[in-house]
J.: 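Sharing a structure with you now.
Just so it is clear, the structure is predicted and the values come from calculations on it, not from any experiment.
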Amino acid sequence: MLNLPMDLRFDELMIKTKFDFLMQLSHLQLLGFVVAVLAIYVLRPRKPKGCLDPENFKEFKLVKKTQLTHNASQFRFALPKPTSIFGLPVGQHIVCRGQDREGKEVIRPYTPITLDSDLGFFELVVKMYPNGRMSHHFREMKEGEYLPVKGPKVHSLSFKSSLRILGRFKYKVGQARAFGMIAGGSGITPMFQLTRGILENPKDKTNMNLIYANVTVNDSLLKPPETWNGGIGHVSKEMIQTHCPAPASDIQILRCGPPGMNKAMATHLEALGYDSKMQFEF
């Protein structure tokens, strides 16, 4: 009900009545808007909590082991529920704990090839070297056994050369116009994970270029063509110039491979004019 003074003229009364009615209507509309916003916030689907703990190891059951090459296998580990997500941000890695052939504890970092869009499991692709301490653990693992894992792993290593930058790779859409990726052997795994993350996001327009090196075609963890017509020999400065984006403030060169390869790539990239901000080593 509107409370109006009795001394108003008819035209003033109409204006006053219309104004008070609109004020009441505005309050009702505002209340309805607030209720709608609250309903959207409460009812919208929330991303499940990840299974990882960055401080403490948690055990995950090996449910499938598939041999890919003569010295590499793919390992699938189950998460607690079929709807669980692993909870590892794109571009980051985990720490796995195992035992070497002498029974001593060994800890190594690995990058899964799966994303949080893969529900109920995560997968690792591991190259197992003859004398590798963690390689021994993975080689001996059988389906049904458990692997202790924690992450995301955070580390910071310093070198005399400022161009060798290691640590957590924090990827976000649009952080670079283009990525140049240089990988060797199992160093393909962080590149594969990042590539999947970019390609599965329709809003991500980042360009990617990959140089992937192996001892032989049969060592490749990616399915090679039946007839190889690609490059041969060590990754050279000329290959990087041909296949990677030129030095610029909006590009980044990512590398991951054996220590000798990483050192050689750092030297090549420095000679080609890529500064420390344009590089990242997994």
J.: Who pairs with S236 by side-chain contact (heavy atoms from CB on, under 4.5 Å), at least two apart in sequence or on another chain?
T.: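 Result, side-chain contact (heavy atoms from CB on, under 4.5 Å) vs S236: E238, M239.
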J.: Just how far is it from atom CD1 of I240 to atom CD1 of I253, taken to the nearest 0.5 Å?
T.: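 Between atom CD1 of I240 and atom CD1 of I253 there are 7.5 Å.
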J.: Determine yes or no for a side-chain-to-main-chain donor-acceptor pair under 3.5 angstrom, with D219 supplying the side chain and N214 the backbone.
T.: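 The answer is no, because no donor-acceptor pair under 3.5 Å joins these two groups.
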J.: Does the side chain of E105 come under 3.5 Å of the side chain of Q99 through a donor N or O and an acceptor N or O?
T.: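 Not at all, the side chains of E105 and Q99 share no donor-acceptor pair under 3.5 Å.
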J.: Just jot down the side-chain contact (heavy atoms from CB on, under 4.5 Å) partners of S117, sequence neighbours excluded, or say none.
T.: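 With neighbours one apart ignored, the set is L115, R196, E200.
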J.: Who passes ring pair (Phe, Tyr, Trp, His ring centres under 6.0 Å) against Y171, sequence neighbours left out?
T.: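 Checked Y171 against ring pair (Phe, Tyr, Trp, His ring centres under 6.0 Å); matches are F179.
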J.: What's the spacing between K127 NZ and N71 CG if we round to 0.5 Å?
T.: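 With rounding to 0.5 Å, NZ (K127) is 4.0 Å from CG (N71).
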J.: Can you check side chain to side chain contact (heavy atoms under 4.5 Å, CB included) on N262 and E281, steps first, answer last?
T.: CA-CA 8 Å; N262 285 332; E281 181 181 315; 3.5 Å; yes
J.: Quick check on the hydrophobic clustering: are Y110 and I188 connected, directly or via other members, by side-chain heavy-atom contacts under 4.5 Å?
T.: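 No; tracing contacts between hydrophobic side chains, which count when under 4.5 Å, never links both residues.
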J.: Between SG of C244 and CE of M278, what distance do you get to the nearest 0.5 Å?
T.: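 It is 13.5 Å, given to the nearest 0.5 Å.
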J.: Could you give me the CA-CA distance, side-chain angles and deciding distance for D100 and H137, then say whether side chain to side chain contact (heavy atoms under 4.5 Å, CB included) is met?
T.: CA-CA 6 Å; D100 63 16; H137 184 86; over 6 Å; no
J.: Please check if F280 and L210 belong to a single hydrophobic cluster, counting links between Ile, Leu, Val, Met, Phe, Trp and Tyr side chain heavy atoms closer than 4.5 Å.
T.: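 Yes, same cluster.
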J.: Do the side chain of T189 and the main chain of S186 share a donor and acceptor less than 3.5 angstrom apart?
T.: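 At least one qualifying donor-acceptor pair exists.
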J.: Using the rule that Ile, Leu, Val, Met, Phe, Trp and Tyr join whenever any side-chain heavy atoms are under 4.5 Å apart, tell me whether L124 and L52 fall into a single cluster.
T.: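 L124 clusters together with L52.
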J.: For the pair Q279 (side chain) and Y274 (backbone), establish whether a donor and an acceptor sit closer than 3.5 Å, ignoring hydrogens and angles.
T.: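 Pair found, side chain donor or acceptor close to backbone of Y274.
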J.: Do I113 and V126 sit in the same hydrophobic cluster, where Ile, Leu, Val, Met, Phe, Trp and Tyr count as joined when their side-chain heavy atoms come under 4.5 Å apart?
T.: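 In one cluster: no.
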J.: Which pairs pass ring pair (Phe, Tyr, Trp, His ring centres under 6.0 Å) with one or both residues in residues 63-85, sequence neighbours excluded?
T.: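 Matches after skipping sequence neighbours: F75-F138, F77-F122.
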J.: Under 3.5 Å, which donor-acceptor pairs link side chains of residues 141-150 to any protein atom two or more places apart or in another chain?
T.:
unit_1	atom_1	unit_2	atom_2	d
E143	OE2	K65	N	3.0
E145	OE1	K142	N	3.0

J.: Calculate, to the nearest 0.5 Å, the distance between atoms CZ and CG belonging to F192 and L222 respectively.
T.: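 Going from the CZ atom of F192 to the CG atom of L222 covers 7.0 Å.
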J.: For the backbone of N131 and the side chain of S135, can you confirm whether one donor and one acceptor N or O come within less than 3.5 Å of each other?
T.: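 No; judged by distance alone, with no hydrogens or angles, the pair does not exist.
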J.: Between atom CD of E102 and atom NE2 of H136, what is the distance when rounded to the nearest 0.5 Å?
T.: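 Going from the CD atom of E102 to the NE2 atom of H136 covers 9.5 Å.
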J.: Between T206 and D204, is any side-chain donor less than 3.5 angstrom from a side-chain acceptor?
T.: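 Present: a donor and an acceptor within the cut-off.
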J.: Any chance you could lay out the side chain to side chain contact (heavy atoms under 4.5 Å, CB included) test for V90 and F169, step after step, and finish with the verdict?
T.: CA-CA 8 Å; V90 174; F169 183 76; over 6 Å; no
J.: Return yes if some donor-acceptor pair links the side-chain N/O of Q92 with the main-chain N/O of P152 below 3.5 Å, else return no.
T.: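 Not a single qualifying donor-acceptor pair exists.
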J.: Do any N or O atoms from the side chain of Y212 and from the backbone of S220 form a donor-acceptor pair under 3.5 angstrom?
T.: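 Not at all, since once roles are kept as given, no pair shorter than 3.5 Å links the two residues.
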J.: Once side-chain contact (heavy atoms from CB on, under 4.5 Å) is applied, do any residues pair with L199, and if so which ones, sequence neighbours excluded?
T.: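 Listed in chain order: T195, M208.
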J.: Assess the residue pair H243 and M181 against the criterion (side chain to side chain contact (heavy atoms under 4.5 Å, CB included)); give the C-alpha distance rounded to whole Å, side-chain angles, the decisive distance to 0.1 Å, and a yes or no.
T.: CA-CA 9 Å; H243 300 290; M181 303 176 181; over 6 Å; no
J.: For the pair Q67 (side chain) and T69 (backbone), establish whether a donor and an acceptor sit closer than 3.5 Å, ignoring hydrogens and angles.
T.: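 It does hold such a pair.
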J.: State the OG-CG distance between S73 and L68, to the nearest 0.5 angstrom.
T.: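 With rounding to 0.5 Å, OG (S73) is 6.0 Å from CG (L68).
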J.: Is the backbone N or O of C51 less than 3.5 Å from a side-chain atom of K58, with the two atoms forming a donor-acceptor pair by type?
T.: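 Such a contact is found between K58 side chain and C51 backbone.
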J.: Nearest heavy-atom pair of G273 and P247: which atoms, and what distance?
T.: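 Shortest heavy-atom separation between G273 and P247 comes out as O-CB, 3.7 Å.
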